[in-house]
Each structure stands twice: as structure tokens, then as C-alpha cells.
Protein chains: 2
Amino acid sequence: MGAIKSDLFTRKQNELAAMARVLAHPARIAILQYLLKKNACICGDLVDELGLAQATISQHLKELRLAGLIQGTIEGPSVCYCLNPKTWKKYRESFMQLFQELDETSCEC
Amino acid sequence: MGAIKSDLFTRKQNELAAMARVLAHPARIAILQYLLKKNACICGDLVDELGLAQATISQHLKELRLAGLIQGTIEGPSVCYCLNPKTWKKYRESFMQLFQELDETSCEC
DNA sequence: ATGATTCATCGTAATATTGCGATAAAGCAA
DNA sequence: TTGCTTTATCGCAATATTACGATGAATCAT
């Protein structure tokens, strides 16, 4: 028990849920919005901006990186992070597709 | 530790993360898509369709209901569930707003 | 080389989520 | 009423997530 039964669902359903999970934390939303605004930043910027511990920010960055939403480039002692536009668009498309389907008669209770 | 520090983030960031969390499970995605297709159903339909235990489906329905994404109407011994178009649109707007902001120069690493 | 800066990772504690059996509540049919 | 169907809720076990201190690796300035 306690583990998601992924085999009961379609690949698309699992993928969409996984994408939603990446966005399901305010710190990760905040990081993405910061990157949208500033275009790039280093881990330390986010520590100052968000007020979470460095280890915690680094962990959230890792999740975003594993999801492909951001990418990091080593720049001397620091790491420059920025959005990955390709994955960002893939996310947008997937959520668009979900929210597209709805006509006004969808509630029949 | 282990609890999200909501006070570090804006109301909008917390709200968006909460919306994403509701969508962050394939069973809830599947339920929403089933409702989009069928317009309405009862809990038992979903138990047959998804293959999760009745208690588990009922729990996911509760989360979707608390989020305002679906509503249930008592119909005799069963409960008819359907989407709430208003909240559905609110979700769409919120995610669109997030994904809107991006120009091609957003990656500068 | 030494020290300072930056970041990732490990280990751990606290908390949250997932799944389901068992049970209860409510309506319906006979 | 009795039994059947349908659903919600409780309680528990398994797993996942969140947060952070401590530590280590890499770079840079002196």
C-alpha cells in the first residue's frame, strides 16, 4: 500500500499527473516564475529570494532539472539555471489539451 | 520539518501549487477525463472503470469535491458526480496564466 | 597552499499521501 | 421489517514528500 498503481492508468494519464506533481509545490512555482522574470539565476539567488535553506532549494532545483523544466550550466563556482523552453511548451500543450475538452453541458446532475 | 512553509510564498503561488496537487494523481486525472467524456457518473462506475477499491475511489472523489472541481448530487441510493464548469475554468485560467509568460530568450545559460 | 564561496548530496526527522478492509449510513425493493 | 445496493468514513500500514544540518567537491582569489 501507499504506492501509486501506475499500471491501472494510461501513459498519458501518468505523465500528466507527473507533470502536475512537479508544479505541486509553491517553492517550485516560485522558482519557475523567478526564472520567467529574470531569465537566469544561481541557487544562491533563490535562497535569498525564497527564504528556504540552501539544501532545500537545491533539492527543488534537482526535481525541476530531472523533469526537464530547467537546465543548469556550471559557471565557475556557481551554477546558472534557466528554463528549458522545449519542456515548458510541452507542459503547456499537455495542460491545454486537458482543459480544452469541456462544453457547457458537462454538468448533468 | 516535513511541512510546506506556505508563509514564504504568495497566495497565488500557494493556490496554483494546490491546484496542481489535485491533478497530481493519475486516478484523479482519469476521473476528470471520464467525467469530461461521460458528463456524469456514479462512484461504482469509476470503481469498475479504474480498478481501484471503492474506498480509494471515494477518497479521490472527496479530494476533487473539496477542490470544487466536481459536485455530487444524491440520487436515491447512489451519488451522481459531474464536473463543476466554473472551477474547471478557474483552473484553466490559472495554468494558462502561468504558461503564458515566456519568450524565446528565456534561457540564457 | 589557504581560505572563502558555491552548490550537490547524504542522512534523518517530521509530515503527507495512497490504498484498502471493515464498518456505518441511507435509500430502495420485496 | 429484511435484505440488497451504494457510498462515506475510520483506522491502519506502506510509501512519498518536505526540510534542513552536516559534509564534501569544485572553483576562485590571495
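A, B, ... follow the sequence lines: proteins, then strands. Residue 1 opens every chain. Hydrogens, waters and symmetry mates are skipped; everything else that's a heavy atom, side chains included, is used. Quick caveat, the model's predicted, so the values are computed rather than measured.
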Anything under 3.5 Å between a donor and an acceptor, one on a side chain of residues 61-75 of chain A, the other on a protein residue two or more places apart or in another chain? List them.
residue, atom, partner, partner atom, Å
A:E63, OE1, A:R21, NH1, 3.4
A:E63, OE1, A:R21, NH2, 3.0
A:E63, OE2, A:R28, NH1, 2.9

Where do A:T56 and A:L50 land on the side chain to side chain contact (heavy atoms under 4.5 Å, CB included) test, with the steps shown first?
CA-CA 11 Å; A:T56 307; A:L50 300 186; over 6 Å; no
Pair A:Y81, A:L46 - check side chain to side chain contact (heavy atoms under 4.5 Å, CB included), show working.
CA-CA 10 Å; A:Y81 281 103; A:L46 295 165; 5.7 Å; no
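The interatomic distance linking B:K5 (NZ) with C:dA14 (P) rounds to 15 Å, in whole Å. Remark: P of C:dT15 and NE2 of A:H25 are 15 Å apart, rounded to the nearest angstrom. Rounded to an integer number of Å, the gap from CD1 of A:I31 to C1' of C:dC7 is 14 Å.
In this structure, the separation between CG on A:L16 and CZ on A:R11 is 12.0 Å, given to the nearest 0.5 Å.
Following chains of ILVMFWY side-chain contacts shorter than 4.5 Å, one cannot reach A:L8 starting from A:I4, and the two form parts of different hydrophobic clusters. Two different hydrophobic clusters hold B:V79 and B:I42 under the rule that ILVMFWY side chains link at heavy-atom gaps under 4.5 Å.
Residue B:I74 is out of contact with every strand shown, counting any heavy-atom pair closer than 4.0 Å.
Nearest-nucleotide assignment on DNA chain D puts the 5′-proximal partner with A:A3, out of A:A3 and A:G76. Checking A:V79 against A:S6, the closest nucleotide of DNA chain C that is more toward the 5' end is the one next to A:V79.
Residues in residues 5-24 of chain A take part in no ring pair (Phe, Tyr, Trp, His ring centres under 6.0 Å) pair, two or more places apart or across chains.
Residues from residues 16-23 of chain B lying near DNA chain D, meaning a heavy-atom separation below 4.0 Å, are absent. Sorted by residue number, the members of residues 43-55 of chain B with any non-hydrogen atom under 4.0 Å from DNA chain D read B:C43, B:G44, B:Q54, B:A55. Within residues 56-69 of chain A, the residues having any heavy atom under 4.0 Å from DNA chain C are, by residue number, A:S58, A:K62.
Qualifying side-chain hydrogen bond (donor to acceptor under 3.5 Å, both in side chains) partners for A:E93, counting only residues two or more places apart in sequence or in other chains: none.
Of the possible donor and acceptor atoms, none in the side chain of B:S58 sits under 3.5 Å from a partner among the backbone N and O of B:Q54. Between the A:Q97 side chain and the A:S94 main chain, no donor and acceptor come within less than 3.5 Å of each other.
A:Y91 and A:F95 have tilted rings, their planes meeting at an angle from 30° to 60° on a 0 to 90° scale.
Checking D:dT7, D:dT5, C:dT6 against every side-chain atom of A:S78, the shortest atom distance belongs to C:dT6.
Taking 4.0 angstrom as the limit, B:Y81 places a side-chain polar atom (N or O) nearer than this to OP1 or OP2 of D:dA8.
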